[in-house]
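One structure is given below, encoded as structure tokens.
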Amino acid sequence: MRRKRGGALAAIAMAGVLALAGCGASDDGGDSGGASGELKIGLAYDIGGRGDQSFNDSAARGLDKAKDEFSIEATELEASQGETDAQKEDRLRQLAEGGYNPIIAVGFAYAGPLGKVATDFPEVKFAIVDDFTPGTDDGPNIANLTFAEEQGSFLVGVAAALKSKTDSVGFVGGVNTPLIQKFEAGYTAGVKAVTPDATVQVKYLTQPPDYSGFNDPAKGETAANGMLDADADVIYAAAGGSGSGVFRAAKEKGAMGIGVDSDQYNLPSLNDVKDVIITSMVKSVDLAVYDFIKSVDGDSFKAGNTVYDLSDGGVQYATSGGKIEDIKPQLEEYKQKIISGEIEVPSTT
Amino acid sequence: MGRISLRSVGLGLAAPVGALVFALLVCGVILSITGHPPFSVAEDMIGSLERPRTIANSLNSATTYYLSAVAVAIGFKMRLFNIGVDGQYRLAAMLAAALAGASFMESLPSVVRILLTILAAMLVGAVWSGIAGFLKVTRGVSEVISTIMLNAIATALVAFLLNPDRLAVTVAGSNNIGTAPITEGGQVPGIPYSGSSSDVYGLVALAAVVGVAYWFMLNRTRFGFDLKATGESESAAVASGVNVKKMVLASMLLSGAVAGLVGLPQLLGDSHSYALDFPAGLGFTGIAIALLGRNHPIGMAFAAFLWGALDQTSNVLDLSGVPKEIVVIMQGVIVLSVVIAYELVRRYKLRLEQRDVGRALGTTKTPEEVQG
């Protein structure tokens with residue numbers, strides 16, 4: 001009797017777990033254009049998909065822009081929480097079997113699966129965002145779209161140091177992964193380049209495989225409050241959707257915030273906190289995706305790694321809001337030094 | 001007697017079949033409301049199951065799910081709710097991967113390497129769940145609370161160890177980080193599945209062995225009897241001389257040891273390294289499958305395969321514009337309806353038995369008597 005009740009309780013707990021697992025669901029899963037376009041694009045997102053307010057969304061923007069300009073039929077698929085490489089491989093394989101060409105995979109998690117599928121479908125063009133590793137680095141039909149996040153982060157670090165009155169700044173990372181550590185390394189280097197003895201407080205919201213740190217404003221707010229209480233007055237939020245919490249905390253305490261991935265000053269969802277956002281480190285996944293589609297459309301596909309950095313505007317600092325107009329000359333000076341190679345920005349902490 | 005056994009077979013089938021039909025109905029309604037014709041969706045899903053690749057991948061998923069379910073079921077039999085399978089397998093897989101990928105292992109024969117890896121994983125899993133067991137028997141800490149907390153600690157510990165200064169290696173140009181890749185001698189070769197580009201995990205055999213061992217332990221050993229007895233009635237077990245504390249600790253250790261195996265088919269058969277993209281959350285899936293399979297070694301095998309097949313068909317749904325979250329809804333509804341259906345059938349059976357006994361003793365009135 002009691003045992004049975006234990007089962008029922010467990011079932012309810014389980015339903016809760018499933019409901020939570022379903023929370024990451026996007027509101028716009030598959031979107032297949034009706035027109036029989038020339039290009040049939042398959043786009044595979046990482047967890048979160050379209051609507052994640054972060055880099056998946058950025059890729060989606062690139063696709064949308066391409067849709068406006070070229071005749072394209074696109075299908076968008078997304079990864080689920082806790083899936084295996086086999087499922088990712090299956091997703092890419094089904095796209096390839098379904099006649100999609102080119103196929104774009106967003107996120108380093110697709111590296112292994114993409115390498116395998118690309119070998120089996122030599123006539124299909126593939127692109128992978130954020131990865132250039134053995135397995136994807138030598139395929140004649142694979143384009144790697146990678147970014148020099150540390151360079152853009154360096155510049156916003158310079159901005160933070162120049163704007164800080166307390167010589168103490170903060171860095172809030174979404175999830176503690178090598179990718180976000182790249183942001184941290186560049187940012188810290190930028191701060192120290194201006195003020196060598198400045199304090200950089202670093203906090204990551206979650207540890208993998210818990211990726212909620214990219215989408216938990218409450219955690220961002222708590223972390224930011226801790227830093228502000230410890231004298232920081234500028235905080236760089238490299239934390240996707242959690243950034244809004246960081247900005248809210250900054251607004252309350254009259255401090256400043258720095259956005260990430262897109263020009264967050266102009267995001268409608270951040271309208272009420274935008275006056276604290278002095279700049280953003282823009283990582284143009286949309287530009288990379290658009291360029292790739294354009295290259296396939298124009299028959300100028302190029303395999304191998306394309307690094308988007310300061311020199312081509314793939315990463316840059318945003319000036320919307322005019323909060324950093326006064327220090328723009330210094331920022332431009334650092335930017336030129338990085339482009340010319342005079343300053344080499346570290347990519348690991 | 002013949003009539004009764006026929007009845008019990010019918011009742012036994014009524015619950016799972018009824019639950020499945022009910023779950024399908026609910027999903028059909030949800031699909032219709034959201035504007036997707038249920039029959040064409042079903043057709044798509046069944047169609048994708050005809051691809052050999054989907055079957056091979058379903059089998060692979062089922063292998064990990066089954067191990068996870070057995071780990072949970074060992075606890076359930078004792079009325080222990082080991083929610084910590086998730087943390088146990090992740091920590092175990094990570095440390096086992098580090099061991100299997102270590103350079104000193106390379107000189108060992110393949111069989112020894114694989115056995116050592118399996119042993120290490122079981123040991124780590126057992127130690128991690130043993131902490132919860134120890135806390136329960138010495139301090140009376142509920143294992144539900146302690147295992148959930150141990151999950152969080154395992155996450156932090158894995159993140160700490162997965163660092164280039166400690167157990168991880170970095171690959172230039174990668175945004176991933178993982179343990180050193182396991183070289184060929186440490187891998188378990190897959191079983192080719194005709195027509196499929198992915199092999200079936202070699203460690204599907206391990207899951208089968210664990211299933212048989214679980215059945216044997218429960219039904220053919222003194223320990224299994226004590227385990228079930230303690231679960232059914234603790235006071236009765238104590239009266240018959242069972243040391244309950246010892247049983248709690250032993251079953252937690254056993255559950256954790258099996259949990260340690262959960263990540264291995266994936267690790268040794270496919271990933272060959274524990275990296276950031278190693279599947280997480282398998283421990284929670286195991287809870288659902290143990291419930292669905294009623295803690296029965298064969299029931300759980302069916303449940304694991306059903307779950308794996310549903311997972312694998314979700315990609316095809318996405319491709320045809322149906323939100324694949326419908327699969328998660330379906331899985332949730334199946335679990336809930338199975339639990340409810342079994343409870344209903346159990347109550348109905350109880351009433352039938354009461355009536356039979358009553359009739360035999362002549363204390364129950366027949367409907368005619370009541371009316372008359």
Side-chain angles (χ1 to χ4, degrees), chain A residues 2-4 6-15 17-19 21-22 25 29-32 75-78 80-91 93-95 98 107-109 111-112 116 120 130-134 137 144 146 176-179 182 206-210 305 348, chain B residues 53-54 57 60-61 64 76 79 81 83 90 155-156 158-160 162 170-177 197-198 231-232 266 270-271 276-282 284-285 287-288 290-291 311-312 314-316 318-325 328-329 331-332 335-336 338-340 342-343 346:
Chain A
R2 285 217 184 105
R3 197 163 58 89
K4 297 285 152 61
L9 276 178
I12 291 162
M14 196 55 226
V17 169
L18 287 169
D31 178 17
S32 37
T75 291
E76 299 163 49
L77 307 180
E78 83 179 69
S80 355
Q81 200 84 38
E83 67 177 17
T84 58
D85 272 6
Q87 271 159 287
K88 290 202 169 65
E89 187 184 332
D90 209 38
R91 184 168 306 120
R93 208 171 273 279
Q94 286 189 5
L95 284 171
F108 67 84
K116 284 185 204 162
D120 291 352
D130 274 354
D131 182 82
F132 180 62
T133 49
D137 59 358
N144 310 77
T146 58
N176 194 357
T177 62
L179 178 61
K182 246 165 119 179
T206 58
Q207 302 288 345
D210 177 3
N305 195 13
T348 50
Chain B
R53 202 185 138 71
T54 312
N57 284 342
N60 287 343
S61 294
T64 39
F76 273 165
R79 273 172 55 202
F81 197 172
I83 305 184
R90 280 187 282 121
T155 302
V158 168
F160 171 78
L162 216 52
T170 41
V171 182
S174 174
N175 285 308
N176 203 346
I177 188 165
S197 52
S198 60
E232 297 280 344
Q266 167 77 25
D270 188 20
S271 300
L276 293 183
D277 54 352
F278 200 80
L282 297 172
F284 300 115
T285 314
I287 297 172
L291 284 168
D311 273 355
Q312 297 298 335
S314 69
N315 268 335
V316 78
D318 220 355
L319 208 56
S320 51
V322 180
K324 66 176 175 183
E325 284 76 19
V328 181
I329 296 177
Q331 290 169 334
V335 171
L336 266 183
V338 159
V339 172
I340 294 168
Y342 269 97
E343 182 62 20
R346 193 188 61 84

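Within every chain, numbering begins at 1; the chains are lettered A, B, ... in the order of the sequence lines, protein sequences first and strands thereafter.
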* **Straight-line distance of Lys324(B) NZ to Asp318(B) CG, nearest 0.5 Å** => 5.0 Å
* Between Phe108(A) and chain B, which part of the residue has a heavy atom less than 4.5 Å away: side chain, backbone, both or neither? -> side chain
* Asked: Can you tell me if Asn305(A) and Thr146(A) form a side-chain donor-acceptor pair at under 3.5 Å?
  -> yes
* What option among Val158(B), Ile177(B), Asn315(B), Asp277(B) has the most heavy-atom pairs under 4.5 Å with chain A? -> Asn315(B)
* Structure fact -> Taken to the nearest 0.5 Å, the spacing of Leu162(B) CG from Thr177(A) OG1 works out to 11.0 Å
* From Asn57(B) CG over to Thr84(A) OG1, what is the distance, rounded to the nearest 0.5 angstrom? -> 6.5 Å
* Contacting moiety of Ser80(A), where chain B heavy atoms sit under 4.5 Å -> both
* Is it the side chain or the backbone of Lys88(A) that comes within 4.5 Å of chain B heavy atoms, both, or neither? -> neither
* Asked: How close do Gly231(B) and Arg79(B) get, heavy atom to heavy atom, and via which atoms?
  -> O-CD, 3.1 Å
* Electrostatic pair Asp270(B)-Lys116(A), nearest N-O below 4.0 angstrom -> yes
* **Interatomic spacing from OG in Ser314(B) to CZ in Arg91(A) - rounded to 0.5 Å** => 7.0 Å
* Structure fact -> For Leu276(B) and Asn175(B) the tightest heavy-atom approach is CD1-O, 4.2 Å
* Give, as side chain, backbone, both or neither, the part of Asn176(A) having an atom under 4.5 angstrom from any heavy atom of chain B. => neither
* At a heavy-atom separation under 4.5 Å, does Val316(B) approach chain A through its side chain, its backbone, both, or neither? -> both
* Where on Ser198(B) is there a heavy atom nearer than 4.5 Å to chain A: the side chain, the backbone, both, or neither? -> neither
* Asked: So which part of Asn176(B) gets closer than 4.5 Å to some heavy atom of chain A, the side chain, the backbone, both or neither?
  -> both
* Structure fact -> Interface check, chain A: of Gly281(B), Ser197(B), Ala156(B), most non-hydrogen pairs under 4.5 Å belong to Ser197(B)
* Which atoms of Asp311(B) come close to chain A, meaning under 4.5 Å heavy atom to heavy atom: side chain ones, backbone ones, both, or neither? -> both
* Asked: If you count heavy-atom pairs under 4.5 Å with chain B, which of Asp131(A), Asn144(A), Thr133(A) comes out on top?
  -> Thr133(A)
* Structure fact -> Under 4.5 Å to a heavy atom of chain A? For Gln266(B) that would be side chain
